[in-house]
Amino acid sequence: MESLIVSETQNDSVDITDESTATKRKISLSNCEACGAEKARYRCPGCLQHSCSLPCVKRHKSESGCNGVRDKTAFVRLTEFDEINLLSDYRFLEDTGRLAEGANRDPLQHRPLTTKYLNLMKNRARKFNLDLRFLPIGFSRRKENSTFFSKKEQKFFWHLKLTFPQSHAEYVEKRVPGDRTLEQILTPYIHPTESEPVKRQKLQVYHHAPSGQAKIFMKVENRKSNSVRYHELDPQKTLLENLRNKTVIEYPVFHVVLKENADKYELLGQETRETHTSPTVGTEVAKEAEEEEEVEEGELRD
């Protein structure tokens, strides 16, 4: 009897090992899709592409823009739906509930919106030589703003919008400390090696350009629509240093532009030929107008 039980357990273990070896053999039958030289040992959960080593996995992510995360909301046929998919959906619902619960505990969602708190932020910003203004309640920009001042750390944490006109892309950064440089803020977006693969794929125009070709502009507030001007910001300085002596309505919006398109962003104090003429040309035009008036007057007197 004991020999039969032992034989059955041995058969079960043999079946399990056979299944695992079968899956490994199935992967090893295909070559690495990154280098094509070695047999595949791994499979990407995101796109199911085969690879043989960690360098090939990194190369696959950088070239394809895949983040390596399995799509939990991907469509699965009813005939292919099994217990693993059911467990995955259950965990997905748990993660969603946990994220919603964490968002309700976020202090930013319960921050005071009274005039006293807004005046406090204005006074703190004024100490940093920054003119911070807020829109009335009901404006979309007012609802989006998550900027707050930490009394404990005595610094601002900004809601920041980044626009990349050459790629028609916009991104929002929350809780950006004021002592972080603009170069550090843009590292996940346009850095040649340290940027995120998904954002790198979206911002290919900026990555194909030579390094150091990106310029950062900020629109000057409280100007007429026919005289829009911009501030050019220094990427080596901190966010707060770039905002000093400037006006910010709700939160700053930065335009990251390549040098070849920077001439479209006219700087504050910069004069254009269309709106301003040289003094010599102006005096000549004035003299001609006076002469015409004198002639007309003489004709009327005769």
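Note that this is a predicted model, so its numbers are computed, not measured. As a basis for the values below, the full set of heavy atoms in this structure was taken, side chains included, without hydrogen atoms, waters or symmetry mates.
Phe157 places none of its side-chain heavy atoms less than 4.5 Å from the side chain of Val176. For the pair Tyr90/Glu94, a side-chain contact is recorded, criterion being any heavy-atom separation below 4.5 Å from C-beta on. Looking at Lys246 and Val220, their side chains never come closer than 4.5 Å, going by heavy atoms from C-beta outward. The shortest distance between side-chain heavy atoms of Val69 and Pro45 does not fall below 4.5 Å. At least one side-chain heavy atom of Cys47 sits less than 4.5 Å from a side-chain heavy atom of Cys66. Looking at Lys39 and Asn31, their side chains come closer than 4.5 Å, going by heavy atoms from C-beta outward. Taking 4.5 Å as the limit, every side-chain heavy atom of Asn242 sits out of range of all side-chain heavy atoms of His231.
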Side chain to side chain contact (heavy atoms under 4.5 Å, CB included) for Phe134 and Lys122? Distances and angles first, verdict last. CA-CA 9 Å; Phe134 295 97; Lys122 289 181 181 179; 3.6 Å; yes

Give the C-alpha distance, both sets of side-chain angles, the deciding distance and a yes or no for side chain to side chain contact (heavy atoms under 4.5 Å, CB included) between Leu239 and Arg180. CA-CA 6 Å; Leu239 176 59; Arg180 185 177 298 176; 5.7 Å; no

Please walk me through it: do Lys215 and Asn261 pass side chain to side chain contact (heavy atoms under 4.5 Å, CB included)? CA-CA 9 Å; Lys215 287 190 173 185; Asn261 298 308; over 6 Å; no

Applying side chain to side chain contact (heavy atoms under 4.5 Å, CB included) to Arg244 and Leu130, what does each step give before you reach the verdict? CA-CA 5 Å; Arg244 279 178 179 168; Leu130 171 62; 5.7 Å; no

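Between Ser146 and His159, the closest heavy-atom pair is OG-ND1, 2.9 Å. Closest of all the heavy-atom pairs between His207 and Pro192 is ND1-CA, 4.3 Å. For Cys52 against Tyr42, the heavy-atom pair with the smallest separation is O-CE1, 3.5 Å. Contact record, Val256 with Gln166: O-OE1, 4.0 Å, taken as the closest heavy-atom pair. For Pro235 against Thr181, the heavy-atom pair with the smallest separation is O-CB, 3.9 Å. What you find for Gly65 and Val198 is that their closest heavy atoms are O-CG2, 3.5 Å.
The backbone N or O of Glu183 sits less than 3.5 Å from a side-chain atom of Thr187, completing a donor-acceptor pair. Looking at Asn85, its side chain never comes within 3.5 Å of a backbone N or O of Val76 through a donor-acceptor pair. Under the 3.5 Å distance criterion, the side-chain polar atoms of Asn123 are matched with a main-chain donor or acceptor of Asn119. Panel note: side chain Asn145, backbone Tyr251; no donor-acceptor pair is recorded below 3.5 Å. Side-chain N or O atoms of Arg133 include none that pairs as donor or acceptor with a backbone N or O of Val248 at under 3.5 Å.
Taking hydrophobic clusters as Ile, Leu, Val, Met, Phe, Trp and Tyr residues chained together by side-chain heavy-atom distances below 4.5 Å, Val228 does not share a cluster with Ile249. When the side chains of ILVMFWY residues are joined at heavy-atom separations under 4.5 Å, either directly or via intervening members, Phe128 and Leu118 end up in a single hydrophobic cluster. Two different hydrophobic clusters hold Leu135 and Phe148 under the rule that ILVMFWY side chains link at heavy-atom gaps under 4.5 Å. Cluster membership check: Val253 does not share its hydrophobic cluster with Leu233, using side-chain heavy-atom separations under 4.5 Å among Ile, Leu, Val, Met, Phe, Trp and Tyr.
A salt bridge is defined here as a Lys NZ or Arg NE, NH1 or NH2 lying under 4.0 Å from an Asp or Glu carboxylate O, and Glu196 with Arg200 fails to meet this definition. Note on Asp131 versus Arg126: no salt bridge recorded, every NZ/NE/NH1/NH2 to OD/OE distance being 4.0 Å or above.
Between the side chains of Glu232 and Tyr265, not a single donor N or O lies within less than 3.5 Å of an accepting N or O. Side-chain N/O atoms of His255 and Thr163 include a donor and acceptor closer than 3.5 Å. Side-chain N/O atoms of Tyr230 and Glu266 include no donor and acceptor closer than 3.5 Å.
Gln49 CD to Glu63 CD: the interatomic distance, rounded to the nearest 0.5 Å, is 8.5 Å. Remark: Thr96 OG1 to Arg91 CZ distance equals 14.0 Å, nearest 0.5 Å. Between Gln201 atom CD and Ser195 atom OG the span is 11.0 Å, to the nearest 0.5 Å. Atoms CG and SG, from Asn67 and Cys44 in turn, are 8.0 Å apart once rounded to the nearest 0.5 Å. Of the inter-residue distances, the one linking Phe139 atom CZ with Glu144 atom CD reads 12.5 Å to the nearest 0.5 angstrom. The distance from the NE2 atom of His50 to the CD atom of Glu33 is 6.5 Å, given to the nearest 0.5 Å.
Remark: Arg124 is not positioned above the aromatic ring of Phe156, lacking an NZ or CZ atom under 6.0 angstrom from the ring centre and at most 45 degrees off the axis.
Within 6.0 Å of NZ on Lys155 lie more than 12 heavy atoms contributed by other residues, nucleotides or ligands. Other residues, nucleotides and ligands contribute only 12 or fewer heavy atoms inside 6.0 Å of the CD atom of Glu83. Within 6.0 Å of CD in Glu38 there are 12 or fewer heavy atoms belonging to other residues, nucleotides or ligands.
Here the rule is side chain to side chain contact (heavy atoms under 4.5 Å, CB included) with Leu162, and of Val172, Leu182, Ile185 only Ile185 fits it. The only member of Leu86, Ile84, Thr79 that meets side chain to side chain contact (heavy atoms under 4.5 Å, CB included) when paired with Asp82 is Ile84.
The salt bridge (Lys or Arg N to Asp or Glu O under 4.0 Å) test applied to Asp95 returns Lys72, Arg98, not counting sequence neighbours.
Sorted by first and then second residue, the pairs that involve residues 178-201 and meet ring pair (Phe, Tyr, Trp, His ring centres under 6.0 Å), not counting sequence neighbours, are Phe164-Tyr189, Tyr171-Tyr189.
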